[in-house]
Amino acid sequence: MTTRLLILCLAASHWLPAQPPCVAVAGPQILGADLVRAVPALKAVPPDLPLAPTPLPGAIRLFPAAELQTLAARFAIREAVLADTCFQVATEPLSRSRITESMIDALKVPGVQIEILETSTEKVPVGRIEFRRESLGNPANPYRSQPVMWRGDIVYAGDRRFAIWARVKVLASVTRVVATENLRAGVPLKAGQVREEVVEAFPLPAERQLPLSQFEGLLPVRSITAGTEMRPADVTRPNDVNRGDLVRVEVHMGAARLALTGRAESAGRLGDLVPVRNLDSSRVFEARVEGKDSVIVQRPGMEEAQK
């Protein structure tokens with residue numbers, strides 16, 4: 001009995017009219033104009049009338065015939081609406097050429113070469129492809145052609161985002177700084193101890209690189225052998241004030257200015273607070289480093305102190 005019923009249902013379905021496909025929409029709202037494309041009999045519905053939010057990718061928004069008939073009556077449309085109508089987000093296959101364009105725009109590196117090895121495979125909403133530099137992974141070794149993951153988005157229907165990804169190899173002409181001789185930790189760098197060279201490599205973020213002009217005077221934080229690449233983490237700025245140094249102290253008290261000499265009780269760089277000892281009274285006070293062997297003390301004036 002069950003088998004016979006199944007055969008009858010399949011036979012009946014063969015003669016039923018096929019359900020028309022859902023209407024694809026690209027905006028954040030299903031509008032009257034979208035509805036008229038699906039049901040021309042409702043042409044009196046205002047084209048800019050918002051009917052419902054656009055569904056998420058993979059979902060549909062169904063308007064039952066009864067709901068459409070109510071809408072028709074609202075606009076004095078006498079023609080009967082007999083069928084349900086559905087809408088879905090417009091989708092398309094993910095374009096590798098558009099992915100590459102977005103990646104090149106995000107990197108802004110002249111002559112960069114991008115090889116896409118793998119991407120998201122499902123269809124994506126119709127919209128703008130966006131890959132941001134900060135979402136690109138970094139290889140363990142930038143001088144080997146290693147694949148990295150880069151996550152991005154399709155921006156669609158206004159400001160909605162649909163996540164996508166790609167596994168890529170990225171290569172460009174990169175300028176790096178290398179040591180020309182063995183360097184000792186804590187000894188200030190001099191001109192000629194580092195040089196630039198151009199190599200084909202993964203373009204690291206700007207914060208992981210330092211121009212040649214900024215290395216002079218910096219201190220290696222460890223011993224470095226000749227030929228080693230120099231990165232920001234390998235060097236540090238020398239102290240502007242060292243413990244035991246005599247420092248010029250400026251005291252600002254309202255509009256008044258007072259200058260004296262003190263002794264730094266700890267090391268510090270520009271902007272740091274360090275303890276300073278008054279040479280006459282031996283009193284220790286806190287001052288802010290303003291430059292080489294120079295500190296400043298800010299105190300409220302008499303009028304401000306009385307407020």
Side-chain angles (χ1 to χ4, degrees), residues 21-31 33-34 37-38 48 50-62 86-177 198-211 229 231-234:
C22 292
V23 177
V25 291
Q29 291 279 331
I30 300 170
L31 301 176
D34 299 314
R37 282 195 293 124
D48 57 350
L51 299 174
T54 301
L56 295 175
I60 65 170
R61 172 60 164 92
L62 180 69
C86 65
F87 295 87
Q88 63 184 11
V89 170
T91 59
E92 62 183 357
L94 192 54
S95 165
R96 290 198 173 197
S97 62
R98 290 179 58 210
I99 288 177
T100 303
E101 289 174 6
S102 175
M103 290 176 173
I104 291 174
D105 183 64
L107 289 174
K108 294 181 172 56
V109 175
V112 67
Q113 302 172 43
I114 299 175
E115 180 185 357
I116 298 176
L117 305 175
E118 190 179 2
T119 69
S120 310
T121 56
E122 71 272 27
K123 285 190 174 183
V124 299
V126 175
R128 175 171 55 86
I129 296 177
E130 182 181 280
F131 281 89
R132 297 178 295 279
R133 176 64 182 85
E134 58 269 23
S135 301
L136 173 61
N138 293 315
N141 187 338
Y143 302 106
R144 292 181 180 173
S145 185
Q146 297 177 328
V148 292
M149 185 67 73
W150 199 346
R151 301 193 180 278
D153 295 290
I154 301 292
V155 183
Y156 73 102
D159 58 357
R160 295 188 193 177
R161 290 181 175 271
F162 183 87
I164 57 175
W165 58 269
R167 202 162 61 90
V168 299
K169 287 183 178 180
V170 183
L171 200 64
S173 295
V174 174
T175 300
R176 68 174 187 171
V177 177
V198 178
V199 295
E200 292 296 306
F202 180 91
L204 291 171
E207 62 269 17
R208 294 185 59 180
Q209 299 173 308
L210 199 63
E229 182 183 5
R231 294 187 181 171
D234 298 324

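Given the structure is predicted, the values throughout are model-derived calculations rather than measurements. All residue numbers refer to positions in the sequence shown, counting from 1.
Closest non-hydrogen pair, Ile129 versus Ser95, comes out as CD1-O, 4.2 Å. Tyr143 and Arg176 get closest at one heavy-atom pair: OH-CD, 3.2 Å. In this structure, Ile30 and Pro53 approach most closely via the heavy-atom pair CD1-O, 4.1 Å. Considering every non-hydrogen atom in both Val174 and Pro203, the closest pair reads CG2-CA, 4.1 Å. Looking at every heavy atom in both residues, Phe87 comes nearest to Pro55 through O-CG, 3.6 Å. Scanning all heavy atoms of the two residues, the minimum distance from Ala59 to Gln88 falls at O-CB, 3.7 Å.
Between Val168 and Phe131 there is no side-chain heavy-atom pair separated by less than 4.5 Å. Contact annotation: the side chain of Leu107 approaches that of Arg133 to within less than 4.5 Å [non-hydrogen atoms, C-beta and beyond]. Residues Ile154 and Leu94 form a side-chain contact, since some pair of their non-hydrogen atoms from C-beta on lies under 4.5 Å apart. Pro50 is listed as a side-chain neighbour of Leu31, based on a closest heavy-atom distance under 4.5 Å. Counting heavy atoms from C-beta outward, Val124 and Thr91 have side chains that stay 4.5 Å or more apart. By the 4.5 Å heavy-atom criterion applied to side chains, Leu210 and Val177 are not counted as neighbours. Taking the side chain as every heavy atom from C-beta outward, Phe162 and Val89 never approach each other to under 4.5 Å. The side-chain heavy atoms of Thr119 and Ile164, taken from C-beta on, include no pair separated by under 4.5 Å.
Formation of a donor-acceptor pair under 3.5 Å by the Ser135 side chain with backbone atoms of Gly152 is not found in this model. Between the side chain of Gln146 and the main chain of Asn141, a donor-acceptor pair closer than 3.5 Å is present. Side chain of Arg37 to main chain of Ala24: a donor-acceptor pair is present (N/O by atom type, distance under 3.5 Å, no hydrogens or angles). The backbone N or O of Trp165 sits less than 3.5 Å from a side-chain atom of Ser120, completing a donor-acceptor pair.
If you take CZ on Arg128 and CZ on Arg161, they are separated by 6.5 Å, rounding to the nearest 0.5 Å. With values rounded to the nearest 0.5 angstrom, Ile104 atom CD1 is found 10.0 Å from Gln113 atom CD.
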Val148/Phe202 under side-chain contact (heavy atoms from CB on, under 4.5 Å): CA gap, chis, key distance, verdict:
CA-CA 10 Å; Val148 292; Phe202 180 91; 4.1 Å; yes

Given side-chain contact (heavy atoms from CB on, under 4.5 Å), test Arg132 with Asp153 step by step and report yes or no.
CA-CA 9 Å; Arg132 297 178 295 279; Asp153 295 290; 3.3 Å; yes

If you apply the rule side-chain contact (heavy atoms from CB on, under 4.5 Å), what do you find for Arg61 with Val25, and how did you get there?
CA-CA 11 Å; Arg61 172 60 164 92; Val25 291; over 6 Å; no

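No more than 12 heavy atoms of other residues, nucleotides or ligands sit less than 6.0 Å from atom CG of Asp159. Residue-environment remark: CZ (Arg96) exceeds the threshold of 12 foreign heavy atoms within 6.0 Å.
Applying side chain to side chain contact (heavy atoms under 4.5 Å, CB included) to Asp105 and the options Lys108, Glu101, Met103 leaves one that passes, Lys108.
In the model, Ser173 has a side-chain atom that pairs as donor or acceptor with a side-chain atom of Glu200 under 3.5 Å.
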